[in-house]
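Keep in mind that the numbers below use all heavy atoms, side chains included, and drop hydrogens, waters and symmetry copies.
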Amino acid sequence: EAGVTQFPSHSVIEKGQTVTLRCDPISGHDNLYWYRRVMGKEIKFLLHFVKESKQDESGMPNNRFLAERTGGTYSTLKVQPAELEDSGVYFCASSQRQGPTDTQYFGPGTRLTVL
Amino acid sequence: QKEVEQDPGPLSVPEGAIVSLNCTYSNSAFQYFMWYRQYSRKGPELLMYTYSSGNKEDGRFTAQVDKSSKYISLFIRDSQPSDSATYLCAMRAGGTSYGKLTFGQGTILTVHP
């Protein structure tokens, strides 16, 4: 079974540009999460989809970030316009809806560098 | 104040040593506790999962939760060089069976031969 995949693995852009990150969850997983780790800090939650609906977007830093999950399959996270402080590693995770032992499986992350 | 505190280390131990990793938390709503392991340039991988106070053992790994003290630990026995990684504690509030995780900063562990 394929794991969570993310594309691209690394992106370098200039301040003010737009970047779109993609996440393909494990097949059949209804839950999809985005997290971010900026240098020297802990991994922080951004938002949570259940199928195509946003369940919790309390971690989204501002309106420059837009997440979508059309059709309840893959998800994209767009940053427009990018700022220097957006640099970091963006992780996607997915899980099934199954009781207290619901396990989130993480992708390898997209390393974003904003110059 | 951070909701979850974890000493980032780094921690360096000889092969065969017992490793103790710890996190404290301030949010009483946290009911589910996890330890993830992350190798360089990879995503976090679930290692242990507990949702009650006490100990849970899995091979060389033991997870310990003390809700009264808001303190969790991970012990690694007979540590191996392949255990060298970043260890992240993560927690989730109760009330639903899924939802956002709150992470500690992670402890960088190196086990040298």
Mutual orientation of the aromatic rings belonging to B:Tyr25 and B:Phe33 [parallel < 30°, tilted 30-60°, perpendicular > 60°]: tilted

Polar side chain donor-acceptor pair, B:Gln80 to B:Asp78, under 3.5 angstrom: yes

Residues from residues 13-22 of chain A approaching chain B under 4.5 Å (heavy atoms): none

Part of A:Ser58 lying under 4.5 Å from any heavy atom of chain B: side chain

A:Tyr105 portion near chain B, given a 4.5 angstrom heavy-atom threshold: neither

Qualifying residue, where the test is ring pair (Phe, Tyr, Trp, His ring centres under 6.0 Å) with B:Phe103 and the options are A:Tyr33, A:Phe45, A:Tyr35: A:Tyr35

Proximal component of B:Leu46, with respect to chain A [non-hydrogen, under 4.5 Å]: side chain

Value rounded to 0.5 Å, distance of OH in B:Tyr32 from OG in B:Ser52: 10.5 Å

Same cluster (ILVMFWY, side-chain, under 4.5 Å), A:Trp34 and A:Val50: no

Hphob cluster co-occupancy, B:Ile72 + B:Leu11, side-chain heavy atoms under 4.5 angstrom: yes

Winner by heavy-atom pair count (cut-off under 4.5 Å) against chain B, out of A:Ala93, A:Gly59, A:Cys92, A:Gly40: A:Gly40

Leading residue by heavy atom contact count with chain A [cutoff under 4.5 Å; candidates B:Gln105, B:Lys2, B:Glu45]: B:Gln105

Where B:Val4 and B:Phe30 come nearest, the two heavy atoms and their spacing: CG2-CE1, 4.1 Å

A:Pro61 vs A:Arg36 side-chain heavy atoms within contact, under 4.5 Å: yes

